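Here the structure comes first, spelled out in structure tokens, and everything after it is commentary.
Labels below follow one simple rule: chain letters A, B, ... track the order of the sequence lines, proteins then strands, and each chain is numbered from 1. Computed from a prediction, not measured in an experiment: that's the story for all the values here.
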Amino acid sequence: MFGNDMLDRARKLFAAVDAKPTERSIGIAISYAPVRLWHWVNAAAILMLSLTGYVIGTGTPAMSGEASGNFLFGYIRFAHFSAGYVLSIGFLLRIYWALIGTAHAMQIFWVPLWRKCFWREVYHEIRRYAFLTVEPERRVGPNRLAQLAMFFMFTQTITFMVVTGFALYGQGAGTDSWQYKLFGWVFSISPNSQDVHTWHHLGLWVIVTFALVHIYAVVREDSCRAGASLL
Amino acid sequence: MGGATETFYSVIRRQGMTRRSFHKFCSLTAASLGLGPLAASSIANALETKPRLPVIWLHGLECTCCSESFIRSAHPLIKDALLSMISLDYDDTIMAAAGLQAEAILEETRAKYRGRYVLAVEGNPPLNEGGMFCIDGGKPFVEKLRSMAEESMAIIAWGTCASWGCVQAAKPNPTGAAPIDKVITNKPIMKVPGCPPIAEVMSGLVTFITTFGELPELDRQGRPSMFYSERIHDKCYRRSHFDAGQFVEEWDDKYARKGYCLYKMGCKGPTTYNACSALRWNGGVSFPIQSGHGCFGCSEDGFWDKGSFYDRLTTIKQFGIEENADQIGMAAAGVVGLTVAAHAAVTAVKRLTHKPDRAAHKSKPS
């Protein structure tokens with residue numbers, strides 16, 4: 001059955017993620033292409049969301065002229081919401097790809113925290129970043145430390161941002177909109193949406209912090225390691 | 001207390017109101033509740049035929065602004081009609097009876113209209129020290145509330161006190177003031193938040209409940225959807241300035257005089273569910289934003305504990321320091337940025353000093 005096949009597949013993928021690193025990976029470039037495409041669409045969406053989100057939080061300098069002749073804040077919010085949709089749909093496709101793609105595609109969603117070997121590899125990476133060792137544990141895909149950061153700072157935060165973002169969007173779209181029906185439960189947890197705005201705004205800074213570390217680590221890896229590609 | 005078959009209509013007529021006035025009241029109420037054109041006659045019919053539904057109005061820790069608002073309902077008919085309905089039973093602020101006589105009314109209603117009266121609660125009970133911070137009729141208010149709630153049909157939580165806790169529940173909340181739904185969990189509770197709620201909202205809801213004998217449709221937070229399903233922002237007459245990106249920067253700048261959006265001045269309209277921008281106040285005269293001041297968000301949970309009323313980004317207290325999201329975020333990003341820069345510097349130094357090592361590694365097949 002399809003359901004069983006999927007479960008089987010998922011189990012195998014999880015096992016592959018947990019498995020010891022291997023040098024032999026066939027067709028990495030091909031299986032990675034959709035992930036790379038997603039990565040850059042996602043990065044563009046995040047850049048747009050961060051910039052517009054910050055402006056939405058602080059407000060623009062006053063526009064001159066009549067209100068009827070201006071729609072600046074409206075356009076900024078439109079850009080924010082559109083980029084939000086792009087990011088959300090991309091994120092859903094990414095989850096789908098994690099389920100049907102290679103084990104590497106699963107890494108940002110599945111962190112085997114309960115495995116000893118996982119922590120050994122994390123320890124190794126910490127030593128590497130502390131300049132105590134040179135050789136990376138894994139040659140393919142993100143290392144274990146990167147995987148941890150991805151999962152806790154990126155995957156979790158983006159999920160939080162998508163959920164709170166749509167909940168806040170649902171307030172504007174009205175209580176009978178699908179956004180409110182699907183995400184309105186956020187306001188059962190936090191009745192005053194002022195708090196949701198605040199936490200959504202803090203999420204921006206988690207993403208900014210993550211991006212800083214992420215870009216640095218990638219550039220560093222690229223300059224230290226022959227054969228690693230920035231893309 | 002009157003006979004068991006007494007209707008609202010007979011009470012209203014006894015107050016000297018004409019049949020014409022009665023029908024005006026019914027149509028006005030139907031319109032303010034947003035009901036269809038036929039609703040006026042069904043309200044009239046219900047008020048004429050259904051037995052009168054007693055309302056008990058209790059006061060806990062509160063400032064009586066809900067009562068003050070209520071008796072200023074725009075249309076005098078509504079005020080007269082509802083006050084005659086309600087004051088007949090129990091409201092210690094405006095009823096004639098006092099002392100033991102007043103307390104006897106509670107017991108009588110409780111016994112006579114078991115499960116058929118509405119309990120309206122203004123204010124909330126303090127729970128610390130056994131409820132000793134609010135004594136009503138010689139007993140802690142929380143006991144009175146529990147005993148009256150037990151036999152009631154439904155409960156109206158008037159105002160932000162009863163709905164969310166309000167200023168008496170502000171941190172550190174020494175009296176342990178708690179909203180009604182923290183104390184009464186087995187009865188339907190309708191929250192009518194606002195400090196105070198709008199008079200027409202209050203009178204409209206009382207009429208709805210007494211007419212139809214049930215609570216109106218409530219939203220996720222337990223508020224009546226008919227008045228709390230849209231934010232101040234959604235019907236704000238300054239919304240076009242918001243969309244245009246025209247904001248007031250200072251209270252006395254030219255943009256304030258032009259009536260631009262108060263978003264940057266900390267207006268909580270975008271996060272506040274209430275009917276102010278639609279119904280307005282004092283008989284539809286104005287509402288805070290129209291008067292040039294941002295919305296406080298007085299009908300929202302915790303509005304009293306969110307720092308300044310004049311900040312767009314409110315402070316986050318969970319960190320133990322009073323900073324807003326931008327300050328916390330920028331500090332974190334700054335620290336991480338410096339760490340990254342330092343790490344990059346060390347990496348560069350290491351690469352310069354360990355060139356031979358790297359060459360050795362490269363020669364190994366890996």
- Task: Please work out which of the three classes, parallel, tilted or perpendicular, describes the rings of B:His241 and B:Tyr260, given edges at 30° and 60°.
- Result: tilted

Whatever's closer than 4.5 Å to a heavy atom in chain B on A:Tyr129 counts as both

Counting heavy-atom pairs under 4.5 Å with chain B, the top scorer among A:Asn192, A:Asn70, A:Thr175 is A:Asn192

Per-residue tally against chain B (heavy atom, under 4.5 Å) across A:Gly74, A:Ser193, A:Ala130 peaks at A:Ser193

If one checks every heavy atom of B:Val346 against chain A at 4.5 Å, the contacting part turns out to be both

ask   = For residues A:Tyr54 and A:His80, is any side-chain donor paired with an opposing acceptor at under 3.5 Å?
value = no

Give me the ring orientation class for A:Phe166 and A:Tyr169: parallel if the planes are under 30° apart, tilted from 30 to 60°, perpendicular past 60°. perpendicular

Chain B shares the most heavy-atom pairs under 4.5 Å, among A:Thr209, A:Thr60, A:Val55, A:Leu72, with A:Thr60

ask   = B:Tyr263 ring centre to B:Arg312 NZ or CZ under 6.0 Å, with the angle to the axis within 45°?
value = yes

Between B:Glu230 and B:Lys235 (salt bridge meaning N to carboxylate O under 4.0 Å), is one present in this structure?
yes

The interface call for A:Ile56 against chain B, heavy-atom contacts under 4.5 Å, is both

Notebook entry, point to check: Relative to each other, are the rings of A:Phe109 and A:Phe91 parallel, tilted or perpendicular (30° and 60° limits)?
Noted result: tilted

Heaviest contributor of heavy-atom pairs below 4.5 Å to chain B, chosen from A:Glu66, A:His197, A:Met63, is A:Met63

Pair count under 4.5 Å, heavy atoms only, with chain A: among B:Asp326, B:Asp301, B:Asp234, highest is B:Asp326

Exercise for review: Inspect the surroundings of OH in B:Tyr237 and state if more than 12 heavy atoms from other residues, nucleotides or ligands are less than 6.0 Å away.
Suggested key: yes

The interface call for A:Tyr180 against chain B, heavy-atom contacts under 4.5 Å, is both

Cut-off 4.5 Å, heavy atoms of chain B, and the answer for A:Ser68 is neither

inquiry  = Around atom CE of A:Met153, are there more than 12 heavy atoms from other residues, nucleotides or ligands closer than 6.0 Å?
reply    = yes

ask   = Relative to each other, are the rings of B:Phe242 and A:Phe73 parallel, tilted or perpendicular (30° and 60° limits)?
value = perpendicular

Scored by heavy-atom pairs under 4.5 Å with chain A, the best of B:Glu249, B:Arg220, B:Met330, B:His233 is B:Arg220

Counting heavy-atom pairs under 4.5 angstrom with chain A, the leader among B:Asp219, B:Thr271, B:Leu313, B:Thr339 is B:Thr271

So, the part of B:Arg239 with a heavy atom under 4.5 Å from chain A: the answer is side chain

Honestly, the part of A:His201 sitting under 4.5 Å from a heavy atom of chain B is both

